[in-house]
Amino acid sequence: SKGGVFSHFGSLEELPCAVVRECHQGFAREIGGPALVAARGLPRLLHMVTGWMGSTAQPNEASRLYGSLYISGAVEFDDRPGPVRDALVESVSTWHAATRRTIVQSVDCGDLRADTDANQVLFEIHGLILALHYDARFLKHHGSLAHATTGFNNILARFSSDGCLDASVSPSPSPSISASISIPKE
């Protein structure tokens with residue numbers, strides 16, 4: 001009832017904002033949290049991106065909601081100013097900032113080239129996620145996660161420091177994808 005909504009959320013508009021915040025917390029818990037256990041730099045970036053890809057490509061799993069809300073919400077609210085759009089922008093911006101920070105740490109750790117443009121890498125990774133969402137969820141193409149994984153490996157290969165980093169990510173349908181990297185010792 002409307003009265004129940006008002007007693008819990010104060011307004012009908014606050015309800016979708018609360019949903020966005022809850023989904024963001026779930027996304028941070030499921031994807032961001034496990035990534036923090038990985039070493040700084042590329043190992044952490046691998047966990048973040050592969051978790052994000054796995055969550056996006058999930059068939060019939062609750063974790064799909066997190067990334068899907070960001071993408072679907074952007075389409076629904078891109079030209080509708082207000083608190084719901086603001087909550088979505090804040091959530092996506094927070095995740096982008098964390099990902100950008102991890103890209104910069106990958107540069108600082110020597111995993112990615114010193115001239116790496118963190119904003120460009122983030123843009124390309126986000127583009128992969130959008131394509132994965134569309135291909136896996138809307139078109140139901142099998143192999144979408146493998147294509148996104150190949151794209152991510154290509155990004156890593158282009159930006160790896162001095163070509164000495166052999167980063168390889170294997171596709172997995174789980175948000176707890178285990179990313180493996182191999183760094184030759186010289």
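These figures come from a predicted structure and were not determined experimentally.
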Minimum heavy-atom separation for G51 and I31, please, with both atom names. O-CD1, 3.3 Å
For I125 and I155 the tightest heavy-atom approach is N-CD1, 4.0 Å
Rounded to the nearest 0.5 Å, the CG atom of L156 sits from the CG atom of L45 at a distance of 6.5 Å
Donor + acceptor pair across side chains of D135, S144 (<3.5 Å): yes
Does CD belonging to E90 count more than 12 external heavy atoms closer than 6.0 Å? no
P43 versus D111: any side-chain heavy-atom pair under 4.5 Å? yes
Of the non-hydrogen atoms in L128 and A148, which two are nearest, and what is the gap between them? CD1-O, 3.8 Å
Report yes or no: does R137 contribute a side-chain atom to a donor-acceptor pair with the main-chain N or O of A57 at less than 3.5 Å? no
Should I71 and F152 be counted in the same cluster of Ile, Leu, Val, Met, Phe, Trp and Tyr side chains packed under 4.5 Å apart? yes
Quick check for you: to the nearest 0.5 Å, what is the distance between S161 atom OG and D115 atom CG? 10.5 Å
Considering only heavy atoms from C-beta outward, does the side chain of H126 approach that of W52 to under 4.5 Å? yes
Short N-O contact, E124 and R158, less than 4.0 angstrom: yes
I'd like to check R85 versus R80 (side-chain heavy atoms, cut-off strictly below 4.5 Å). Are they in contact? no
dist E30:CD -> C23:SG (nearest 0.5 Å) comes out at 10.5 Å
Check this for me: R100, atom CZ, are more than 12 non-hydrogen atoms of other residues, nucleotides or ligands nearer than 6.0 Å? yes
Keeping the roles fixed (side chain from T116, backbone from L112), state whether a donor-acceptor pair exists under 3.5 Å. no
Which atom pair, heavy atoms only, marks the closest approach of H47 to A38? CD2-CB, 3.3 Å
CZ/R101 to CG/D108 distance, rounded to the nearest 0.5 angstrom? 12.5 Å
With hydrophobic residues grouped by side-chain heavy-atom distances under 4.5 Å, do L122 and V104 end up in a single group? no
If I compare all heavy atoms of T149 with all of M53, which pair ends up nearest, and what's the gap? OG1-CE, 3.8 Å
Once you round to the nearest 0.5 Å, how far does CG of N119 lie from CD1 of I103? 8.0 Å
Side chains of F77 and V89, heavy atoms from C-beta outward: is any pair under 4.5 Å? no
Distance in Å, M48 CE paired with T102 OG1, rounded so as to fall on 0.5 Å steps: 4.0 Å
